[in-house]
A.B. asks: 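Sharing a structure with you now.
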There are 2 protein chains.
Amino acid sequence: MKIEVLVKDDNREIQNSIISKIRDLINLKNLEPGEKLPSERMLSEKFEVSRSNIREAIQKLEFYGLLKSIPQSGTFVANIGIIALNGMIEDILRLKSPDFKSLVETRILLELKTVRLAALRRTEEDLKQMKATLEAYREKVRNGQDAVQEDLLFHLAIAKASGNSTMNTFMLKITPEIITNFAKYHVCDKNQAVLGIQEHTDIYNAIRAQDPSLAKQMMKQHFKELYKYCYSV
Amino acid sequence: MKIEVLVKDDNREIQNSIISKIRDLINLKNLEPGEKLPSERMLSEKFEVSRSNIREAIQKLEFYGLLKSIPQSGTFVANIGIIALNGMIEDILRLKSPDFKSLVETRILLELKTVRLAALRRTEEDLKQMKATLEAYREKVRNGQDAVQEDLLFHLAIAKASGNSTMNTFMLKITPEIITNFAKYHVCDKNQAVLGIQEHTDIYNAIRAQDPSLAKQMMKQHFKELYKYCYSV
DNA sequence: ACATTTTGTCTGGTTAACCAATTTGGACAC
DNA sequence: GTGTCCAAATTGGTTAACCAGACAAAATGT
């Protein structure tokens with residue numbers, strides 16, 4: 001356990017120092033947006049680190065949309081201006097890894113929106129998939145089995161039906177961490193599971209009936225316990 | 001331009017096929033959560049692709065919390081259960097790249113929340129940073145210069161002050177794409193910039209006064225035009 | 001029989017060499 | 001002077017070989 005953390009932190013430190021150096025380089029050389037960064041080889045030599053490390057750092061900055069790597073051509077600075085670039089890199093360097101509370105808080109926010117959008121935009125195909133996950137959930141609970149996974153898949157189906165790919169991506173990103181933490185802190189119990197069947201069904205029916213505000217209300221009800229838990233920690 | 005798209009699609013296709021194969025492998029071998037995946041070398045040999053491709057695919061699944069690579073040990077299946085795993089991989093494979101509308105929609109949702117949280121939780125340090133970005137914005141607009149970057153940095157400062165690292169990460173992720181698209185579609189003009197000074201100041205004051213609902217209201221006002229634009233496309 | 005050390009075989013991480021595609025710069029024909 | 005074309009240099013991507021650390025089983029000493 002200790003080792004894992006150490007290694008991660010090490011990587012993070014190296015990466016962050018490389019990112020800082022890249023930022024300094026851009027500032028020093030006054031690289032305008034769209035201009036080409038020195039080649040990966042050049043950078044690895046200049047910073048005295050391996051090219052893999054350079055690539056990792058570039059990939060991270062590419063993830064946040066600050067750089068753009070094009071094969072057989074070079075790595076380019078995004079077209080967002082030098083000031084925004086500096087500000088964002090600063091933020092990225094200082095970014096903390098998310099805590100449980102922030103995850104739950106964000107999940108609730110996202111889901112109250114996706115359920116509303118799903119009610120407005122769901123297709124017949126979406127309904128079919130949601131119904132399938134709902135049935136799977138019901139079956140598991142009826143047999144007294146743990147149904148956290150099915151619960152989760154139902155919520156992901158809603159995110160998909162919302163038709164908003166950004167929110168869908170975000171939900172996919174935070175869901176496993178939520179699950180893991182739920183299991184760790186024993187948030188769910190049997191009572192909630194049985195109660196969950198009715199709540200899920202209510203949400204599903206509201207989405208099918210294309211009633212966004214009812215859907216949102218049902219989701220809010222569904223989150224009632226979680227909400228209290230989140231704000232009591 | 002054409003080449004860039006092609007390359008990206010190629011990579012995506014290879015990656016997705018590898019992810020599918022990994023999923024099949026997990027299902028076929030009935031790998032329980034926490035169990036070890038075959039080594040990267042083994043996988044690259046079995047699937048007849050390079051180890052780099054395997055690593056990329058693993059990194060993607062690691063990003064979504066489905067796998068966990070530990071140095072000098074192996075790659076492990078996350079502890080979320082086989083059903084959730086299959087469902088999530090399915091979703092990841094079918095995930096579309098986000099469109100502009102979904103970005104704006106998500107941004108508005110996030111910011112209406114972060115501004116509220118910022119009003120509740122902001123520290124003096126947060127206020128200082130927000131004031132700095134606000135001044136920079138005001139100065140640029142006063143000189144008739146383009147101030148999109150400063151605008152953005154003010155909003156990022158709010159996200160930071162919200163104290164929610166998950167939302168902060170998400171804001172960082174979507175902001176550059178928003179900016180790029182704004183520039184492309186010429187969403188902002190001079191009038192909005194001048195109007196923006198007052199609106200930003202109002203938001204800042206509400207956060208300083210720790211008035212969450214006023215802060216949210218001011219942000220809503222700030223997004224009025226954007227909102228209309230978003231839902232008219 | 002037990003505890004300790006050794007040793008052999010994993011792992012993911014790192015590196016350097018190689019590849020195909022692209023860009024570039026100048027030689028050369030007009 | 002101008003346009004065209006080809007070879008050389010440069011690019012990010014790919015590969016294969018190597019590394020230090022982790023782990024487990026076997027060997028060894030008590």
Side-chain angles (χ1 to χ4, degrees), chain A residues 1-19 21-22 25-26 29 31 34-63 65-78, chain B residues 1-19 21-22 25-26 29 31-32 34-78:
Chain A
M1 183 67 81
K2 200 175 176 185
I3 296 140
E4 177 188 340
V5 173
L6 282 176
V7 170
K8 267 230 150 181
D9 279 2
D10 263 11
N11 274 347
R12 199 192 146 96
E13 267 180 37
I14 292 174
Q15 233 186 46
N16 277 355
S17 84
I18 292 177
I19 290 177
K21 284 173 186 167
I22 290 178
L25 189 71
I26 293 174
K29 293 211 172 178
L31 288 184
E35 271 195 87
K36 197 159 63 174
L37 230 59
S39 76
E40 296 179 354
R41 286 177 185 80
M42 206 98 87
L43 290 175
S44 79
E45 196 178 327
K46 195 179 181 81
F47 299 159
E48 292 179 344
V49 292
S50 80
R51 210 178 126 209
S52 307
N53 285 22
I54 297 282
R55 295 193 95 215
E56 266 179 52
I58 288 178
Q59 275 168 26
K60 184 162 186 179
L61 292 178
E62 203 175 353
F63 171 77
L66 301 182
L67 296 180
K68 174 82 195 154
S69 261
I70 297 180
Q72 285 85 42
S73 174
T75 301
F76 298 85
V77 181
Chain B
M1 183 66 81
K2 199 176 177 185
I3 296 140
E4 176 189 339
V5 172
L6 281 176
V7 170
K8 267 230 151 181
D9 279 2
D10 263 11
N11 275 346
R12 197 193 149 95
E13 266 181 38
I14 292 174
Q15 232 185 45
N16 276 355
S17 85
I18 293 177
I19 290 176
K21 284 173 185 167
I22 290 178
L25 190 71
I26 293 175
K29 295 209 172 178
L31 288 184
E32 289 301 308
E35 270 197 87
K36 197 158 63 173
L37 229 59
S39 74
E40 296 178 353
R41 287 178 184 80
M42 207 97 88
L43 289 176
S44 79
E45 195 178 328
K46 197 179 180 75
F47 299 160
E48 292 179 343
V49 294
S50 80
R51 208 177 130 206
S52 306
N53 288 119
I54 297 283
R55 296 194 88 213
E56 269 179 50
I58 288 178
Q59 276 168 23
K60 184 162 185 178
L61 292 178
E62 203 175 354
F63 171 77
Y64 284 109
L66 301 183
L67 297 179
K68 174 81 193 153
S69 264
I70 296 180
Q72 286 85 44
S73 175
T75 302
F76 299 85
V77 181

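Computed from a predicted structure; not experimentally measured. Just so it is clear: chains get the letters A, B, ... in the order the sequence lines come, proteins before strands, and each one is counted from 1.
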A.B. asks: Report which part of the nucleic acid Ser69(A) touches: base, sugar-phosphate, or nothing (heavy-atom distance under 4.0 Å, all strands).
C.D. replies: nothing
A.B. asks: Does Thr75(B) place a side-chain N or O at less than 4.0 Å from the phosphate oxygens OP1/OP2 of dG12(C)?
C.D. replies: yes
A.B. asks: In chain order, what residues pass the salt bridge (charged side-chain N to carboxylate O under 4.0 Å, His left out) check against Arg41(B), with sequence neighbours excluded?
C.D. replies: none
A.B. asks: Testing the basics here: between Leu67(A) and Val77(A), what is the closest heavy-atom pair and its distance to 0.1 Å?
C.D. replies: CD2-CA, 3.9 Å
A.B. asks: Which atoms form the tightest heavy-atom contact between Ser69(B) and Thr75(B), and what is the distance?
C.D. replies: OG-OG1, 3.0 Å
A.B. asks: Gln59(B) has an atom CD; how far is it from atom C1' of dG13(D), in whole Å?
C.D. replies: 14 Å
A.B. asks: Which whole-number value in Å describes the distance from Glu45(B) CD to dT11(C) P?
C.D. replies: 12 Å
A.B. asks: List in chain and number order the residues that pass side chain to side chain donor-acceptor pair (under 3.5 Å) with Ser73(A), two or more places apart in sequence or in another chain; answer none if no residue qualifies.
C.D. replies: none
A.B. asks: Taking the side chain of Glu56(B) as its heavy atoms from C-beta onward, which of dT14(C), dT14(D), dA20(D) lies nearest to it?
C.D. replies: dT14(D)
A.B. asks: Which pair of heavy atoms, one from Ala57(A) and one from Ile19(A), lies closest together, and at what distance?
C.D. replies: CB-CG1, 4.1 Å
A.B. asks: Minimum heavy-atom separation for Ala78(A) to Gly65(A), with atom names?
C.D. replies: CB-O, 3.2 Å
A.B. asks: Just the rounded figure in Å: distance from P of dT11(D) to CD1 of Ile58(A).
C.D. replies: 12 Å
A.B. asks: Taking only heavy atoms on the protein side, list every residue of residues 37-44 of chain B lying under 4.0 Å from any atom of DNA chain D, sorted numerically.
C.D. replies: Arg41(B)
A.B. asks: For the pair made of CD1 in Ile54(A) and C1' in dG13(D), what is the distance, rounded to whole Å?
C.D. replies: 16 Å
A.B. asks: Is there a donor N/O on one and an acceptor N/O on the other, under 3.5 Å, for the side chain of Arg51(B) and the base of dG13(C)?
C.D. replies: yes
